[in-house]
There are 2 protein chains.
Amino acid sequence: MSANENSTTSGPTTLVHAMQILQVTARGGHRGASIDDYLNALSFSRPTLYRLLKGLKQQGFLRPSPIRGRYLLGYELLVLGAQAGNGAGLRDLARPRLLALAQRWGDSFYLFARDGVNAVCLEVQNGAYPVGSFVRATGGRLPLGVGQASIALLAYLGADERNEILSHNAERLIDEYAIAIADIDAEIAHQLKHGYARGVEGSLLPEYSGLAIPILDHSGHPLGAMSCSMLKSRMTEDHKREVLQGMQEEVAAMVNQAHGLLYLD
Amino acid sequence: MSANENSTTSGPTTLVHAMQILQVTARGGHRGASIDDYLNALSFSRPTLYRLLKGLKQQGFLRPSPIRGRYLLGYELLVLGAQAGNGAGLRDLARPRLLALAQRWGDSFYLFARDGVNAVCLEVQNGAYPVGSFVRATGGRLPLGVGQASIALLAYLGADERNEILSHNAERLIDEYAIAIADIDAEIAHQLKHGYARGVEGSLLPEYSGLAIPILDHSGHPLGAMSCSMLKSRMTEDHKREVLQGMQEEVAAMVNQAHGLLYLD
DNA sequence: CGAGTTCATCTCACTAAATGAGACATAGCC
DNA sequence: GGCTATGTCTCATTTAGTGAGATGAACTCG
């Protein structure tokens, strides 16, 4: 027994195994995963696999696929996930505001939160104009550094924490998104100076452009970020000013509401 | 607080315990749950609780609340939940269509799927006109029988299965929603005759009205339902006809697309 | 600033409970 | 009706999670 139970995967093995099963299932997308997928991705025996599958099914974490022998993620995850996305009640506060913005301006608006070294999309509201975006929907996850919302989040973390995150993500950022740390630093400076972020241009999605502003608590810590995305051609100076102002108003109102809610113990 | 003791939740106890922890956390809403919440809702010892909490945290199922000693649902659930909601790829197919409908008509449109004895909301797209609805968002769950989408789903199940569900839900339906089984049966008949459902009127949400149509696979089995909700005053004969036609067109197109996707092994 | 409270971790002995191997049963498929 | 792959069962083994209580760490409040 290694006295070196370290960072990788500790904790009750049943939990770890269950999680691995869910991950394998998720990896299968809407086709789910088959017994063989599990058996050759995982390291435990078949009876054990079936026992866990059964348990996960009973908990609602998995459901049988229409295709025999395949498994899909269960709706309990959806329900819990909906709750999970409402950290600090932010999502409920943001939803109608994102909708209003999208309807008013026709662009697409997003709510993001930090999740470790990633930014996770808590809510999307698409507008009438089509957009491309790194995240397609709620639950999308990006390494911090990608996208304007990332910048807005990073800018208000401590410098040490920020650097840790960025060096952790550096490789992925350059490899998968063609984004250099130096450029991120520059955009963070822009965020801090002007109060909004524009996102770093990588080689991906060159036709789209965006804006983001942070959602800060009373102590200046970022609770999340609101962002928007649009075709670059739509981003005139006027439009940018209008949209930014709209977002700022909505966020200010949200923060006010939040202060009312957060502290009723 | 329901004395909802899980009578036959078998399976690895660690899984069951983990699930209970998640449920308790979820019950706490955006405030999460505290150690005491766990300790007095659950039946295992404190060290065990902490071990599981730690494990769940490492798996991303939980995260620490800003308030020390409280726990929130983790973003991994959100990510998995987003996947889970895309059963058979239906959600991805539906999202842009719901958006188009909402923008065109200004009402609110929903995608539902069956989840055991419940209907679960996979996607919502609100329109410009305000609505009240039983589900507020993705992940909302209703007992089958409530709402127009339920009717559309129930109508295409086998009679035996349907009756089993309805008798299972009967008590909740009458107690919580003031809906009688006989009325549901009548609406199911309407669905089968006219191809769309209107929902059963209970005493709740009397000012709102809705429509729903099923999404059927090639063998007539319901994959889900698309529904809409609007202020009763907006539901003129003309508007109803228009919206129904819009929904039917979108669903038909979805089903076509789905057939293209479902069977590429 | 120090006492008091609550959160979180550690150690250790114990045994319940998960595991693996392989046989058995069942469902779908040609 | 055979064939293949999915799902279940039994049973001995021992891992791996458990409880009790002590200890350490973090925050609170007087």
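Letters A, B, ... mirror the listed sequences (proteins, then strands); counts begin at 1.
Rounded to whole Å, atom P of D:dG19 lies 9 Å from atom CG of B:Leu52. Computed from coordinates, the B:Gln58 CD to C:dT9 C1' distance equals 13 Å when rounded to whole Å. Rounded to an integer number of Å, the gap from CZ of B:Arg51 to C1' of D:dG19 is 8 Å. The separation between B:Ile21 atom CD1 and C:dA8 atom P is 13 Å, rounded to whole Å. Rounding to whole angstrom units, CG of residue A:Leu42 and C1' of C:dA18 are separated by 16 Å. Distance CG (B:Leu15) to P (D:dA16): 16 Å, rounded to an integer number of Å. Atom CG of A:Leu49 and atom P of C:dA21 are 14 Å apart (whole Å).
Checked against side-chain contact (heavy atoms from CB on, under 4.5 Å), A:Ala82 has the following partners two or more places apart in sequence or in another chain: A:Arg91. Not counting sequence neighbours, the partners of B:Arg97 by the salt bridge (Lys or Arg N to Asp or Glu O under 4.0 Å) test are B:Glu250. Taking A:Tyr38 as the reference, nothing meets the ring-ring contact (aromatic ring centres under 6.0 Å, His included) condition, with sequence neighbours excluded. A:Ser45 pairs by the side-chain contact (heavy atoms from CB on, under 4.5 Å) definition with A:Pro47, A:Thr48, not counting sequence neighbours.
Salt-bridge formation is detected for the pair B:Arg114/B:Glu161: a Lys NZ or Arg NE/NH1/NH2 atom is positioned less than 4.0 Å from an Asp or Glu carboxylate oxygen.
The ring-ring contact (aromatic ring centres under 6.0 Å, His included) contacts involving residues 47-87 of chain A comprise nothing, where partners must be two or more places apart or lie in separate chains.
Regarding contacts with the backbone of D:dG17, every side-chain N or O of B:His17 stays at 4.0 angstrom or more from both OP1 and OP2. Of the side-chain N and O atoms in A:Thr13, one or more sit less than 4.0 angstrom from OP1 or OP2 of D:dG17. Contact annotation: B:Ser45 side-chain N/O to D:dT18 OP1/OP2 distance is not under 4.0 Å.
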Is there any protein nitrogen or oxygen under 3.5 Å from a nitrogen or oxygen in nucleotides 5-7 of chain D, and what are the pairs?
| residue | atom | partner | partner atom | Å |
| --- | --- | --- | --- | --- |
| D:dT6 | O4' | A:Arg68 | NH2 | 3.1 |
| D:dG7 | OP2 | A:Tyr71 | OH | 2.9 |
| D:dG7 | O6 | A:Arg46 | NH2 | 3.0 |

